[in-house]
Amino acid sequence: LWKKRVEVAEEPNTRAAHRRELAELAAEDGDDAFAILTLRTSVEESSDPQSFSRLVEILAARDKHVELCSLLEEHAVRLAQRGESVGAAKLWERAAQVAELQLRALERAIVAREKGLALQEDRASRETLVRLLEQRGHWGRAAKSLEILRGDALADEADALTVRLVDALA
């Protein structure tokens, strides 16, 4: 019945609502693959935020971290292309967290953080980027981020960042 409703719905928002309902039924029945496919179709067709949120929830709950990270990255690109920099930056941040903590893919986490920071500066994310860059031995890139942090720091904090900067360049 829900599949038929999706097929005959003329408005993208109506199709998205029907797909969300269909995905919920599939998830309740244990058919995660169909639920994920249905929500992904909804997101791709209409960029429905409710479908996107539910898809993220299901992927995270089912430990499908590779797929989750890719989804976050893809959606961040779409948002950035539409000029939604703040939303895209948040998705890059979330993708970076998944890449680092669940996938242990530090290079992927670094790239995601850099893309997010290019859209919107965030001190905590910048500090995490520095930590990741230092862990991977990317001292020059770490130094550049430390310089950015130092430029926005208070005097006593700037001194500590200067010491870190010197260590990174040494």
Evaluate the salt bridge (Lys or Arg N to Asp or Glu O under 4.0 Å) criterion for residues Lys90 and Glu93: first the C-alpha distance (whole Å), next the side-chain angles of each, then the deciding distance (0.1 Å), finally the verdict.
CA-CA 5 Å; Lys90 288 178 183 178; Glu93 170 72 19; over 6 Å; no
Flag yes if Phe52 and Leu22 sit in one hydrophobic cluster, no otherwise; membership is Ile, Leu, Val, Met, Phe, Trp, Tyr, and two members link when side-chain heavy atoms are under 4.5 Å apart.
no
Would you say the side chain of Arg19 lies within less than 4.5 Å of the side chain of Asp48, judging by non-hydrogen atoms?
no
Are any of the side-chain heavy atoms of Glu67 and Ile36 separated by less than 4.5 Å?
yes
Heavy-atom closest contact (Leu119 atom, Ala89 atom, distance)
CD1-N, 3.9 Å
Flag yes if Leu79 and Leu59 sit in one hydrophobic cluster, no otherwise; membership is Ile, Leu, Val, Met, Phe, Trp, Tyr, and two members link when side-chain heavy atoms are under 4.5 Å apart.
yes
Taken in chain and number order and not counting sequence neighbours, the residues that satisfy salt bridge (charged side-chain N to carboxylate O under 4.0 Å, His left out) with Asp32 are Arg62
Verify side chain to side chain contact (heavy atoms under 4.5 Å, CB included) between Gln120 and Ser85, making sure each step is shown before the conclusion.
CA-CA 7 Å; Gln120 181 181 20; Ser85 298; 5.8 Å; no
Kindly indicate, with the supporting measurements, whether the criterion side chain to side chain contact (heavy atoms under 4.5 Å, CB included) is fulfilled by Gln50 and Arg20.
CA-CA 8 Å; Gln50 292 173 315; Arg20 282 193 312 273; 2.9 Å; yes
Leu71 versus Arg40: any side-chain heavy-atom pair under 4.5 Å?
yes
Testing the basics here: between Ala16 and Ser51, what is the closest heavy-atom pair and its distance to 0.1 Å?
O-OG, 4.1 Å
State, yes or no, whether a side-chain contact exists between Val43 and Glu74 at a heavy-atom distance under 4.5 Å.
no
Is any side-chain heavy atom of Arg141 less than 4.5 Å from a side-chain heavy atom of Arg136?
no
Looking at Val130 and Ala142, what are the two nearest heavy atoms and their distance?
CG2-O, 4.1 Å
Leu101 to Arg104 - nearest heavy-atom pair and separation:
O-NH1, 2.8 Å
Closest approach of Leu39 and Ala23, non-hydrogen atoms and distance?
CG-CB, 3.5 Å
Are the side chains of Glu134 and Leu146 in touch, meaning some heavy atoms are under 4.5 Å apart?
yes
Can you tell me how far CG of Leu132 sits from CZ of Arg113, rounded to the nearest 0.5 angstrom?
6.0 Å
Val111 side chain near Glu107 side chain, heavy-atom distance below 4.5 Å:
no
Within the structure provided, determine whether Lys64 and Gln102 are in side-chain contact (heavy-atom separation under 4.5 Å).
no
Rounded to the nearest 0.5 Å, what's the gap from CG on Leu133 to CD on Gln135? Could you check?
9.5 Å
Quick one: CD1 on Ile58 to CG on Leu68, what's the gap to the nearest 0.5 Å?
11.5 Å
List in chain and number order the residues that pass side chain to side chain donor-acceptor pair (under 3.5 Å) with Arg108, two or more places apart in sequence or in another chain; answer none if no residue qualifies.
Ser70, Glu73
Nearest 0.5 Å, what's the CD-OG distance between Glu114 and Ser145?
7.0 Å
With rounding to the nearest 0.5 angstrom, report the CG to CG distance, Asp29 to Leu25.
7.0 Å
What I want to find out is whether Glu147 reaches Lys144 closely enough, with some N-O distance under 4.0 Å, to be called a salt bridge.
no
Work out which heavy atom in Val98 is nearest to a heavy atom in His65; give both atom names and the distance.
CG1-O, 3.7 Å
Identify, with sequence neighbours excluded, every residue that meets salt bridge (charged side-chain N to carboxylate O under 4.0 Å, His left out) alongside Arg131.
Glu100
